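All ligand and atom numbering here is 1-based and tracks the order in the structure. What you see is a predicted model; the values in this text were computed from it and never measured.
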Amino acid sequence: MIESASKEIIMIDRIDTIKAEVESFESLNVEEIEQFRIRMLGRKGLITNLFKDFKEVPAEQKKEIGQKLNQLKVLANNKVEELNQKASRQKEADQKEDKPDLTMPANFVEPGSRHPISIVRNQINSIFARIGYVISEGPEIENDWHNFSALNFPENHPARDMQDTFFIEKTPDITLRTHTSSVQVRVMENTQPPVRTISPGRVFRNEAISARAHCIFHQVEGLYVDEDVSFADLKQTLYYFAREMFGSETKTRFRPSFFPFTEPSAEMDISCTLCGGSGCTMCKYSGWVEILGCGMVDPNVLDNCNIDSKKYTGFAFGMGIERVAALKYQINDLRLFFENDVRFLKQFEAVL
Ligand code: DAH
């Protein structure tokens, strides 16, 4: 009796200890779960051994202990199954995290845009490149000779007042160039005709900033020097330019003008890009807008640059890139070109 009672107590103790271990076991590692299964339910497992020892339990306690034992086995089996399921769900989740989701939309890249001045400058360059003009550049800090004197601006001549000049360090000889015409002097000094070139670049004038004027702006200078170049060539070239730049319907007209470096000089108008010539606020109801200055290169300028004015003639022209861009895109305030407001710049995203 005593013996069987103690056996029963030992058996119940063992069941309870193992039950506590089963209940407290936690793992999401499949190997650990399998080891746990073998330790409990394997051929030599703790629970399996309990079943072996169960034979020795006295008959009257078999029912109670048998029930407990069966419950323990079910508990252990369930635990193993439950942990295996959890582990496989966790694995799936981990894999999902590692793998890129190919259905996700790509990161949005904000497209940039060229500045309208660059767009128009590139267009002008390519229009003239198509008829054989090469690009030349000169310095923005110039001396009096290249900016004025060689271009036939006499000393103290009022023509110099047309261009409010920035001087560098109070040296009257060194200035910020007031126009890209300085580059035609540099080109002619270094090349003998035929010369066919355009020179885009920044120019500087001491002017108050407003919707219509700025102290920094951009010009393109054009120069063609060869034997027998005539005003008819000049007109034809600029007529071609106007149609390429503003469309094939564009009309042109030339008005007499004055520049110290050309004789004769003219200004070219085009039919208004907004109303097409019928009259609107942009063209002040004239139907025409001014686009550039031009003329036949003054023989004095050719001679100043060591080009024989008896043998060669040439024409030149100069235009403001801001002006061309303003007419092309109907921009009524020059300051917009310098403020770099993205709301303005974004409107040129589609243009190359
Ligand atoms: N340099 C002139 C200006 O800045 C523009 C110009 C006029 C250039 C006539 C020329 C020209 O080459 O022939 O206003």
Q | Numbered atoms of ligand 1 (with element) below 4.0 Å of Gln184, judged on heavy atoms | A | 12 (O)
**Q.** Minimal non-hydrogen separation, Ile33 against Ser27, with atom names
**A.** CD1-O, 3.6 Å
Q) Around atom CD of Glu31, are there more than 12 heavy atoms of other residues, nucleotides or ligands at under 6.0 Å? A) no
Q: Between Met296, Arg205, Arg177, flag the one that comes closest to atom 3 (C) of ligand 1 by a heavy atom.
A: Arg205
Q | Geometric cation-pi criterion, Arg202 with Phe204: 6.0 Å, 45° | A | no
**Q.** Element-labelled atoms of ligand 1 that are located less than 4.0 Å from some non-hydrogen atom of Ser181
**A.** 1 (N), 8 (C)
Q: Report yes or no: does a heavy atom of Phe315 sit under 4.0 Å from some atom of ligand 1?
A: no
(Q) Can you confirm, on distance only, whether ligand 1 has an N/O atom lying under 3.5 Å from any N/O atom belonging to Ala316? (A) yes
**Q.** Between Phe36 and Phe25, ring centroids under 6.0 Å
**A.** yes
Q.
Aromatic contact between His179 and Phe259, with the criterion being ring centroids under 6.0 Å apart: yes or no?
A. no
Q: Would you please indicate if the ring centroids of Phe128 and Phe317 are separated by under 6.0 Å?
A: yes
Q. Hey, does the side chain of Ser24 reach the backbone of Glu21 with a donor-acceptor pair shorter than 3.5 angstrom?
A. yes
Q: Using a strict 4.0 Å cut-off to heavy atoms of Gln219, name the atoms of ligand 1 that fall inside it.
A: 3 (C), 4 (O)
Q.
Using a 4.0 Å cutoff against the non-hydrogen atoms of Gly318, which atoms of ligand 1 qualify?
A. 6 (C), 8 (C), 10 (C), 12 (O)
Q. Should Met319 be listed as contacting ligand 1, given a heavy-atom distance under 4.0 Å as the test?
A. no
Q: Look at Arg186 together with Glu189 and state whether they make a salt bridge at an N to O cut-off of under 4.0 Å.
A: no
Q) What are the atoms of ligand 1, with element, lying closer than 4.0 Å to any heavy atom of Thr262? A) 13 (O)
Q) Which atoms of ligand 1 have any heavy atom of Gly295 under 4.0 Å away? A) 13 (O)
Q) Considering only heavy atoms of Phe259, which atoms of ligand 1 have at least one such atom less than 4.0 Å away? A) 7 (C), 9 (C)
